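Chain identifiers are assigned alphabetically (A, B, ...) following the order of the sequence lines, protein sequences preceding nucleic acid strands; residue numbering begins at 1 within each chain. Just so you know, these numbers come straight off a predicted model, no measurement behind them. All heavy atoms count here, side chains included; hydrogens, waters and symmetry mates do not.
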Amino acid sequence: MTEDLPRLKEPYSTRGQQREADMLGVYLFLASEIMLFGGLFAVIFVAHYLHPEEFIAASKKMHVAIGAANTMILLTSSALVAIAVKAARAGQTRPVSLCLALAAVLGAAFLGLKAYEYWSEYQEGLLPLPGARTDFTSPGEHLFMNIYLIATSLHALHLTIGIVVLSLFAWLIHSRRVKLPAGATATETAATYWHLVDIIWIFLFPVLYLAR
Amino acid sequence: MTENPPSYLDAGHTIRSWLLTTDHKRIAVLYLISVTFFFLVGGAAAGLVRADLLTPEGDLLTNEGYNRAFTLHGVIMVWFFLIPSIPNVFGNFLIPLMIGARDLAFPRLNLLSWYIYMLGGLFTLIVLLVGGVDTGWTFYTPLSSMFSNGHVVLVAAAVFIVGFSSILTGLNFIVTIHKLRAPGMGWGRMPLFVWSHYATSIILVLATPVLSITLVLIAAERLFGLGIFDPSLGGDPLLFQHLFWFYSHPAVYIMVLPALGVISELVAAAARKPVFGYSFVAGSSIAIAIIGFFVWGHHMFVSGQSMYASAVFSFLSLAVAVPSGIKVYNWTATLYKGNILLDPPFLFAMSFIGLFVVGGLTGLALAMLSIDVHVHDTYFVVAHFHYIMVGGTISAYFGALHFWWPKMFGRMYPLTWGRITAATIFFGFNLTFFPQFILGFLGMPRRYHVYAPEFQTLHVLSSAGSTLLGFAYLLPFVYLGYSLVASKRASANPWGATGLEWTVPSPPPKHNFVEIPTVTGRPYDYPVDKEDSR
């Protein structure tokens, strides 16, 4: 039975204490991530307040369909990750690795669609990359696209890290290098990170795509 | 004593056993060495600035060189010394010992924080070698994003990286304090040092990411022309100041809250009395942390923000004086009728209180809109923040070093030399920075190296003081270094102080406690029988 329990590490006296500490650590880390994006949201709201009309005009040029499709993809992946955590606690190896792998694939699909979206925007002269042809109708629109590019690429970076983490866990659990339910807490920490990346998108989507 | 396990210093002698250690005490020693190094580098830059200001023409440095010298002084001292000094050295060493834990909650993460700190430090040193940066440590846009010809992105990367180290350390402290307290150690029984680090950690975790995103935005603007702050793109340079000070004002409390925690311990041990109003002193740390998040606008009274915003920020800034005052009054009440020992830690604590009060009262003056408009961006401000951040924090840092040195290394040092150092630092500090209040009030702006000749006398006084101060900062290297090789061994509790850290041998064994203690009483249960080994 001892294999079912996580290894008790150095400073802890009980496994319950260790699990609580691990989860508190993850939540604090995610709180700091929320403050990181919180700074960006503050920028978005201030810029929107300064240029209301231009922001709405710029937002109307966004590819809402792609954004909406990506929202659905991420929500589905989050559901899969939540199922994986349930299954991990129950010690079921196969569904856990399957759900995590599927979620990672959906994450990759998100990135693929995002890349296609960037490409379309580049073609339309909307992407404010250095050297790119751009024809903005107003400074406000330029500012909007700057913020859009920074916010979505920072989110994509977090998503990429999430994909790596989920794939790693899927493989570790599939190959039984991490045993369940002993590894349930570790699975849960990875899942919680994924939920955060999802939640950040849930807020980015309306303030960027639906600000009209 | 033979049944005791070997001390943490004797638990391994290879370089590997230090560089791959997960023992919080060894990591504290690693931090002690590295922050000392950065203190010397930052101090050298300060010396350069003060030497240049000896003459009104600024003969020593070029305009550009002067800008780079004070910027590096600020960047290194703020992010590589003042912010990490007390938490990462003494917090790391003492928090697990004080709450009866074997280590921090995440020992490997703790080691990782040190490596991240060193990586950030390496970036800073590279910047130093390739020529530095000229924006001031505040990186105000549009200077930093468009016009500066220094290495802004490299410095921003250094500060971004070291911010990660801060976040991880803060996270580790919070989890440790929540989950690893010994049986019986309720929140009302925690030492005040631990309380103040708890408050500090909250700021570290919640404010540092805002600085990180601000630095990312500067780098994006500078590297890719993604202007967020550039008015020609509809951006707002003031937005930068809001974001920057949302972190950097609380950062002042990151520096001073741990210092306040140190002083509470020092004052109680020196007076050999329980801390007066324990729960108020503990709560005031949390209050300072919370109010600290809502005062950033006082940096922007003359920036063009709305008058109503300024009025609100002025009020909130004045409010910080309440919890700060609670601490000072309660220390005074603790000392009242105390059986006071004139040991070096106590003298450093007195030095702290003196400098903190001057810095705090001039802070009240600066929080007033009308006075701030008069002295904004003058040497008055420079003197004020040096009194708090440097006078306060470094006095407490040296106080902590002199108080816990026997615990950390198991050796006593010559107390007389400690007393001389404390007195010289106090005198040198006041000689350096008090003339700057007058300079600022007379209208000398900060960051100028060519100035009107009538200011020269005050500048010369200030530079003389800084020489004395620099000398005093170097003294402990001699006698503390000497104590490591030639002094007599310290007992477990040389000051007769309370607290779990004094119940273990000096230096403590690798796993701190043979058996996790059970706490049965309140903290600061003085007087304690002293084992006189001094």
> Quick one: what part of A:Leu50 sits under 4.5 Å from any heavy atom of chain B, side chain, backbone, both or neither?
Replying inline: side chain
>> Under a 4.5 Å cutoff for heavy-atom pairs, which residue among B:Ile167, B:Ile174, B:Leu180, B:Leu239 has the most contacts with chain A?
In response: B:Leu180
>> Just verifying a value: how many Å separate A:Gln18 CD and A:Glu10 CD, rounded to the nearest 0.5 Å?
In response: 11.0 Å
> Do B:Tyr198 and B:His178 have ring centres separated by under 6.0 Å?
Replying inline: yes
>> With a 6.0 Å cut-off on the ring centroids, do A:Phe37 and A:His158 count as close?
In response: yes
> Where on A:Ala21 is there a heavy atom nearer than 4.5 Å to chain B: the side chain, the backbone, both, or neither?
Replying inline: both
> Does the gap between the ring centers of A:His155 and A:Phe110 come in under 6.0 Å?
Replying inline: yes
>> Checking the side chain of B:Tyr115 only, and the main-chain atoms of B:Leu19 only, is there a donor and an acceptor separated by less than 3.5 Å?
In response: yes
>> Please classify the contact of A:Leu149 with chain B as side chain, backbone, both or neither, using a heavy-atom distance under 4.5 Å.
In response: side chain
>> In this structure, is the centre-to-centre distance between the rings of A:Tyr122 and A:Tyr118 below 6.0 Å?
In response: no
>> I'd like to know which of A:Pro128, A:Gly140, A:Ala47 tops the heavy-atom pair count under 4.5 Å against chain B.
In response: A:Pro128
> Non-hydrogen atoms of chain A under 4.5 Å away: do they reach the side chain of B:His511, the backbone, both or neither?
Replying inline: side chain
>> Donor-acceptor pair, distance only, cut-off 3.5 Å: does the side chain of B:Ser144 make one with the backbone of B:Phe139?
In response: yes
> Could A:Glu124 and A:Lys61 be called an ion pair, given the rule that one side-chain N must be under 4.0 Å from one carboxylate O?
Replying inline: no
> Based on non-hydrogen pairs under 4.5 Å, which of A:Gly39, A:Pro130, A:Gly131 is most in contact with chain B?
Replying inline: A:Pro130
> Side chain, backbone, both or neither: which part of B:Ser232 has a non-hydrogen atom closer than 4.5 Å to chain A?
Replying inline: backbone
> Which bit of A:Leu154 is near chain B, if near means a heavy-atom gap under 4.5 Å: side chain, backbone, both or neither?
Replying inline: side chain
>> Heavy-atom cut-off 4.5 Å, strictly under: side chain, backbone, both or neither for A:Val43 against chain B?
In response: both
> Looking at A:Met35, A:His142, A:Glu20, which one has more heavy-atom pairs under 4.5 Å with chain B than the rest?
Replying inline: A:Met35
>> Tell me if the centroids of the rings in B:Phe246 and B:Phe293 come within less than 6.0 Å of each other.
In response: yes
> So what's closer than 4.5 Å to chain A heavy atoms on B:Ala220: side chain, backbone, both or neither?
Replying inline: side chain
> Do you know which of A:Phe29, A:Phe144, A:Phe136, A:Tyr12 has the most heavy-atom pairs with chain B at a distance under 4.5 angstrom?
Replying inline: A:Tyr12
> Using non-hydrogen atoms only, which part of B:Leu211 is less than 4.5 Å away from chain A: side chain, backbone, both, or neither?
Replying inline: neither
>> Tell me which of these, B:Thr214, B:Asp103, B:Val175, B:Thr176, has more heavy-atom pairs under 4.5 Å with chain A than the rest.
In response: B:Val175
>> Donor-acceptor pair, distance only, cut-off 3.5 Å: does the side chain of B:Ser7 make one with the backbone of B:Pro508?
In response: no
>> I'd like to know which of B:Leu243, B:Asp230, B:Val210, B:Leu171 tops the heavy-atom pair count under 4.5 Å against chain A.
In response: B:Leu171
